[in-house]
Amino acid sequence: MNRIDQTFASLKQQNKTAMMPYLTVGDPDIRTTVDIILELESAGADIIELGVPYSDPLADGPVIQRASERALKNKVTIRTAMETARLARDRGSQLPFILFTYYNPVLQTGLDTFFEEVVRHDISGLIIPDLPLEECEQIRSLAHTAGIHLIPLVAPTSHERIASIVSEATGLVYCVSSLGVTGERTDFYSGVDNFLETVKRYSKVPIVIGFGISSQEQVARFSKICDGVVVGSAIVRQVESNIPLLEKEDTRQQGLLQIREFVAQLIG
Ligand SMILES: O=P(O)(O)OC[C@@H](O)[C@@H](O)c1c[nH]c2ccccc12
């Protein structure tokens, strides 16, 4: 059982939904990302998605694009992202980490080296939104051998492919709430509830939802159907707006507290 499985098993016993923040690693710097991880853990977050900054984040809206640009200025690579997970672990974090990366940085690293690094840095899950279908089998098998979950994304437009995507899933299934790119939303794809019920029907593993979620009401709404809720842009925006506080030692704690309180109120 990997950390993700253990977390969902424990949350199920408590009848709780996982709060899953997404952070762009190295935004505004590695030290702050580690501090934020520990703050969010103590605020009640259950799993952290660590985003590897990328120069061409096709599936990302402006908030995460800006975060990627800031992190790339710090020369954050896929390896630094994994090292960040290790730094948080060394500081006592018990949370499962999901590495979120586009496919190119994985290929650049080399598949065997990449999966060795994933294991060495105690990463529990992997999301690659632009993983080509024909490479899926190979990556899934390498992930399985490494004892980590390759987490599939399923979208409302997946229709008849939902069954095949979901049936292969281990760990969890990531349901994309709406079409388009990441970013806070006031409303979602009209058929989102039916879509989630369909995924739930086919899935043997927990299902989580992401894209657009930015308020406690939205978290509460989707917690009724899903086993976890991912919040990215809204939290990344909190990081962005607190950078002036975070970059000065005497106001750093205040900045971290603002981000923590935002996530704590999402959990409710
Ligand atoms: O930012 P949002 O709208 O809260 O959505 C989560 C999202 O950030 C995170 O899961 C993610 C970041 N980039 C992605 C690209 C594809 C799918 C998912 C993602």
Side-chain angles (χ1 to χ4, degrees), residues 4 17-27 33 36-37 40 45-72 76 78 81 96-106 124-132 149-158 165 169 171-189 192 195-196 199 206-219 221-223 226-241 259 262-263 266-267:
I4 290 175
T17 301
M19 167 46 70
M20 303 170 63
Y22 162 93
L23 295 170
T24 297
V25 174
D27 174 38
T33 299
I36 293 172
I37 291 169
L40 297 190
D46 299 294
I47 297 175
I48 301 279
E49 225 183 282
L50 292 175
V52 177
Y54 187 51
S55 53
D56 188 17
L58 288 174
D60 282 304
V63 171
I64 291 181
Q65 283 182 23
R66 290 197 299 271
S68 292
E69 283 157 25
R70 289 191 295 270
L72 288 172
V76 171
I78 194 165
F97 295 119
I98 294 173
L99 190 76
F100 171 92
T101 178
Y102 287 90
Y103 193 37
N104 189 270
V106 174
S124 305
L126 182 58
I127 296 178
I128 309 178
D130 59 344
L131 179 60
H149 296 306
L150 176 64
I151 298 160
L153 295 174
V154 63
T157 47
S158 302
I165 294 171
L172 63 115
V173 169
Y174 187 129
C175 303
V176 173
S177 73
S178 318
L179 312 183
V181 296
T182 60
E184 304 102 311
R185 285 164 167 80
T186 48
D187 52 29
F188 299 89
Y189 166 71
V192 69
F195 160 60
L196 293 170
V199 177
I207 73 167
V208 307
I209 185 165
F211 271 49
I213 297 160
S214 58
S215 72
Q216 206 285 320
E217 296 70 29
Q218 291 170 342
V219 170
R221 166 189 174 181
F222 290 118
S223 296
C226 299
D227 305 293
V229 178
V230 178
V231 178
S233 299
I235 296 172
V236 173
R237 188 189 294 278
Q238 286 295 314
V239 174
E240 182 177 53
S241 55
I259 298 163
F262 177 78
V263 174
L266 284 177
I267 297 171

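Atoms within a ligand are numbered from 1 in the order they appear, just like the ligands themselves.
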Legend entry - Distance (rounded to the nearest 0.5 Å) between Leu172 CG and Ile127 CD1: 7.0 Å
Inset, instruction - Would you please write out the protein residues whose heavy atoms approach any atom of ligand 1 to under 4.0 angstrom, listed by chain and number? - result: Tyr22, Glu49, Ala59, Asp60, Ile64, Phe100, Pro129, Tyr174, Thr182, Gly183, Phe211, Gly212, Val230, Val231, Gly232, Ser233
Legend entry - Straight-line distance of Ile36 CD1 to Leu23 CG, nearest 0.5 Å: 6.0 Å
Inset, instruction - Return the minimal non-hydrogen interatomic distance between Thr101 and Pro129, and the atom names on each side. - result: O-CD, 3.3 Å
Inset, instruction - For the pair Tyr102 and Tyr54, name the ring-plane relationship: parallel under 30°, tilted 30 to 60°, perpendicular over 60°. - result: parallel
Inset, instruction - Using distance alone, with no hydrogens and no angle criterion, decide if Thr24 and Tyr22 have a side-chain donor and acceptor under 3.5 Å apart. - result: yes
Inset, instruction - Would you check if Val176 and Tyr189 make a side-chain contact, meaning some heavy-atom pair closer than 4.5 Å? - result: no
